[in-house]
Structures are given as structure tokens and as C-alpha cells.
Amino acid sequence: MTHTDLTPSRRGWLALSPMIVFLTLYVAVSAMIGDFYKMPIAVALTAASAWGIGVVMRGGLSDRIGVFSRAAGHSDILYMIWIFVLAGAFASMAKEIGAVDATVALTLRVFPPQLLLPGMFLAACFISLSVGTSVGTVVALAPLAAEMAGAAGAPTAMYVAAVIGGAFFGDNLAFISDTTIAATRTQGCRMDEKFRANIRIVAPAALVSFIAYVFIGSDFTTAMPGMGPAAATPWLIAPYLLIIALAVAGINVAIVLSAGIAATFALGLAGGHDALTLCGYMGAGIDSMGNLIIITLMAAGLLGVIKSAGGIDYLLQRLTARISGARGAQACVAALVGIVNLCTANNTVAIITTGTISRDIARTYGITPRKTASLLDTASCIVQALIPYGAQTLLATALAGISPAAPWPYMVYPWALAVSVGISVAWVRKKREK
């Protein structure tokens, strides 16, 4: 017997209430006071977790805490924390030895400031399409984005938003992306079929975003400030070139970061830094990831509580209860994976969770597997890009030193993609009715 059989409406809403508590405390309160820096996301997650463990879950207290702890300690979560630790160590050491300044200086000599923002978006699109992972793209570009924003006199959040948007371009399209693999396997279609269906939705959104960033970036054309002696040592860009090259080659992101750390350490020694000082730089970078690690653990535990209480099953039950026609079925598939992604903060997990029921909906209403796979992947990437507690946004903003909600006003690509999905659903239905 499933949770769906056991979850009446009242109990279902209670199972979802920890997420409602979190969104109310973080998003609603921050929006009301007009400042997303005032309410720490870790505090909102702690309060929501306490509510979930104390009120929502049943059984002994130790059992309830055990559910939370097992979800927080899942191997995928611990792997992500390893990435955070390595990213923090690399970013801090690269900045301290001058690698970031040298890379920014070289970039600004090649591109005029008004093209830096759209150029950053294109670079993120290219790398993510090659790598197949948004996290790897964020690791490679977020520190550079923060420095380039300062050099161009633009808000850091603007450049970080361009990186996050471009990172999800490839996460959505790449053949080696885990979301592509999950979507095609659950729907039973080939990757090239899903790619052709997907590119029709994604390409217009990417083009609109590029043009928008050209106009937005043209407002920030200040001359580059002095970058110090590191700007005159272009060989210091080697760690970033290595990171990008290994990422494009499809190497595991943990190995990519480890190689980057080793290269940066060697350059630091060659540049006159002693080993203990370089270790201190790495330690400071790891320490800077502390809040991000806490948020990741708390979010994973909270989502484990919601799933255990039957919240996800209740969502599936309610969203599929009333479907009318092929267009409604497509909208339901997109909403289904999007809302589950909102609750799980993981687009691959959301696709896998909703894949079987989405395939059943598609067969019932005559939707092709490639279209359903495209909708699953695209809708989940839209939500993952926009939520401030998603791993990609948390990592990017931590590396840039800004609030997780700061990129929101500049997130052009996810919103353009959402409009493109809506048009795609409506347009297909229109053609069938002719």
C-alpha cells in the first residue's frame, strides 16, 4: 500500500506544511520587508525542520530524528559537501595568489566591458553543454563572475545570475547530463529525439536572454580599475584554463577541482608563497563554505521529512486528479515535476520521482515520449535555477559572497525558458486542433 492510499487531504497538507513554513519564513517574510539578507536561510530551514520533526511526523522522537538524519547524511548530499569543500579551497587560494585578478584582467583586455555580461552567459552555456553538469559550470565561472562584475562596475548578482542561467542551459540539453539520462530513460525515448524536441524550446529562450544581457550589460561600461601586479602575470590564469579544459573533457568535478588545487598550489609556491600560507588560504576557503554546508544538510533533512510523511505522494495524487485534454496533460507534467522539484531541491530526483506517472499521462493523452521527456527536464531545470536553496545557487552565491536570493532580479534565462515552455504547450495543442 502506498502513501497515496493513506494520505487524505488533511494529512497531505500537514505533510507539506514544513515546506510552507520554510517558504513563509524565508521568501514571504523577506519579500514583505524588502530585504533577503535579513532572514538567514539557515534559520528558516531550522524552524521548518523543527516543525516537521515535532508536529508533522509520527512515532518516537528518536525515530523522527533518524529520518531527518538519514536524509541529511545521504551519499549524494555528502558528495555535494565534498564539492563545496574543494570549491572553497580552490577559489580562496586562486584569489589570494592572484589567479582571479590575472584572468579578469586578460578577459577585459579582450572584451569590452559592455560585452562581458552576455559573454559570461555564453561561456556558461558552452561549458555546461560540454560538461553536462550545472555544478561544474558554477565551480568554474562563479568566482570569475564576481570579480568581472566588480571590474565592470556592475552588481555581482547580475553576473552570477548569468552564470546560473547558462549553467542550466547545458544541464537541460547535454547528452551526458544526469537530467537528460533520467528523462529519456523514464519516458522510453532516445536522447537525440529528446534533444530535437528540447532545442526548439531552449534556443529561443537562450537567444532572448543573450540579447537581454547585451542591453543590460551596456549600462555598466566603467573602465577596469587597477588589478595589482597579478594582472601583469598572465600565466596565473593556468588553473582556470585547467579547470575548464578538464570539465569540458567530462572529468568528474571532484577530480577537476583537486587538479585545480594542485596546480594553484604549485603556482603559489613558484610565486613566492610558502606552503603553510597556501594551506591557510585553503583553510579560509573551506571555512567560508560552513554556512553553505549547514544549509545543504538542513534542506536535505527537511525534504526527507516531507517525503517520509507522504507529502510528495500527496502532491502526485492531487496534481493528476483532474486532467483535461492533451494540453492540460502537458501542463500537468510540467507542473508535477516543477512542484516536486520545489520540494526536493534536486531536478534529477524530481524527474525520477515523477517519471512513471508522467509516462502514464503521456500514453493516455497521446503525448510523444520525446515531448514528455523534454517537459520533465526543462520544467525541473527552471525551478532548480530559481529556488534560492538549490545546490547550484547556494554554491554560486557562496563563491561570490552574496545572498542566495540576490540573483533573482537578474535571472533572465529561467523566466524566458518558462515562457517558452508555455508557448510550446499551447502551440502543439493548437496545431492538433487544426
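FYI, the numbering just counts along the sequence from 1. Keep in mind it's a predicted model, so treat the numbers as computed, not measured.
- By the 4.5 Å heavy-atom criterion applied to side chains, V412 and I216 are counted as neighbours.
- At distances below 3.5 Å, not a single donor-acceptor pair connects side-chain atoms of T354 with backbone N or O atoms of V337.
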In a table with atom names and distances, give each donor-acceptor pair under 3.5 Å that connects a side chain of residues 80-99 to protein atoms at least two apart or in another chain.
residue	atom	partner	partner atom	Å
S92	OG	Y281	O	2.7
K95	NZ	E147	OE2	2.6

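- Applying the salt bridge (charged side-chain N to carboxylate O under 4.0 Å, His left out) rule to R190 yields the partners D192, E193; only residues at least two apart in sequence or on another chain are considered.
- Counting heavy atoms from C-beta on, the side chains of Y26 and P404 come closer than 4.5 Å.
- Contact check for D63 versus V67: no side-chain heavy atoms found under the 4.5 Å cut-off.
- In this structure, W13 and Y314 have side chains that are in contact, with non-hydrogen atoms separated by less than 4.5 Å.
- With a 4.5 Å cut-off on side-chain heavy atoms, Y410 and P155 count as touching.
- Between S49 and F68, some side-chain heavy-atom pair lies under the 4.5 Å cut-off.
- Distance check, rounded to the nearest 0.5 Å: CE of M19 to CD1 of I339 gives 11.5 Å.
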Verdict with supporting geometry, L375 and V425, side chain to side chain contact (heavy atoms under 4.5 Å, CB included): CA-CA 9 Å; L375 288 173; V425 170; 4.1 Å; yes
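- Looking at every heavy atom in both residues, I361 comes nearest to C332 through CD1-SG, 4.2 Å.
- Between the CZ atom of F169 and the CG atom of L122 there is a distance of 9.0 Å, given to the nearest 0.5 Å.
- Residues N198 and N172 have side chains that bring a donor and an acceptor to within less than 3.5 angstrom of each other.
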From CA spacing to verdict: side chain to side chain contact (heavy atoms under 4.5 Å, CB included), I201, S374: CA-CA 9 Å; I201 299 174; S374 175; 3.5 Å; yes
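- Among all heavy-atom pairs drawn from T264 and P239, the shortest one is OG1-CB, 3.3 Å.
- Considering all non-hydrogen atoms of both residues, T180 and K194 come closest at OG1-NZ, 3.1 Å.
- Evaluation of the salt bridge (Lys or Arg N to Asp or Glu O under 4.0 Å) test over residues 274-287, restricted to residues two or more places apart or in two chains, returns none.
- If you take CG on L302 and CG on L297, they are separated by 12.5 Å, rounding to the nearest 0.5 Å.
- Evaluation of the side chain to side chain contact (heavy atoms under 4.5 Å, CB included) rule for A149 yields T156, Y159 as partners, not counting sequence neighbours.
- Nearest heavy-atom pair, P409 versus A406, reported as atom, atom and distance to 0.1 Å: CD-O, 3.1 Å.
- To the nearest 0.5 Å, atom CD1 of residue I367 and atom CD of residue Q187 are 9.5 Å apart.
- When all heavy atoms of P118 and F210 are compared, the pair lying nearest together is CB-CE1, 3.4 Å.
- Counting heavy atoms from C-beta on, the side chains of L376 and V333 come closer than 4.5 Å.
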Side chain to side chain contact (heavy atoms under 4.5 Å, CB included) evaluation trace for I41 with M298: CA-CA 10 Å; I41 190 171; M298 296 298 295; over 6 Å; no
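- Counting only distance, with no hydrogens or angles, the side chain of R359 and the backbone of T186 share a donor-acceptor pair below 3.5 Å.
- Of the possible polar contacts, none joining the S308 side chain to the V305 backbone as a donor-acceptor pair under 3.5 Å is found.
- K371 and S424 are linked by a side-chain donor-acceptor pair at a separation below 3.5 angstrom, with hydrogens and angles left out of the test.
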Give every donor-acceptor pair under 3.5 Å between a side-chain atom in residues 384-402 and any protein atom, sequence neighbours left out.
residue	atom	partner	partner atom	Å
Q384	OE1	N341	ND2	2.8
Q384	OE1	N346	N	3.4
Q384	NE2	A345	O	3.2
Q384	NE2	Q392	OE1	2.9
Y389	OH	L342	O	2.5
Q392	NE2	S134	OG	3.0
T397	OG1	T393	O	2.7
T397	OG1	L394	O	3.2

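- Without hydrogens or angle criteria, S17 side chain to L14 main chain gives a donor-acceptor distance under 3.5 Å.
- One distance of note links OG of S209 with CE of M411; it measures 10.0 Å at 0.5 Å rounding.
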Step-by-step side chain to side chain contact (heavy atoms under 4.5 Å, CB included) determination, N347 to D171: CA-CA 10 Å; N347 44 349; D171 196 318; 3.9 Å; yes
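- If you take CE on M148 and CG on L117, they are separated by 11.5 Å, rounding to the nearest 0.5 Å.
- Shortest non-hydrogen contact noted between V163 and M120 is CG2-CG, 3.5 Å.
- Applying the ring-ring contact (aromatic ring centres under 6.0 Å, His included) rule to W415 yields the partners W408; only residues at least two apart in sequence or on another chain are considered.
- Two residues are said to be in side-chain contact when any heavy atoms from C-beta on lie closer than 4.5 Å; S420 and V202 fail this criterion.
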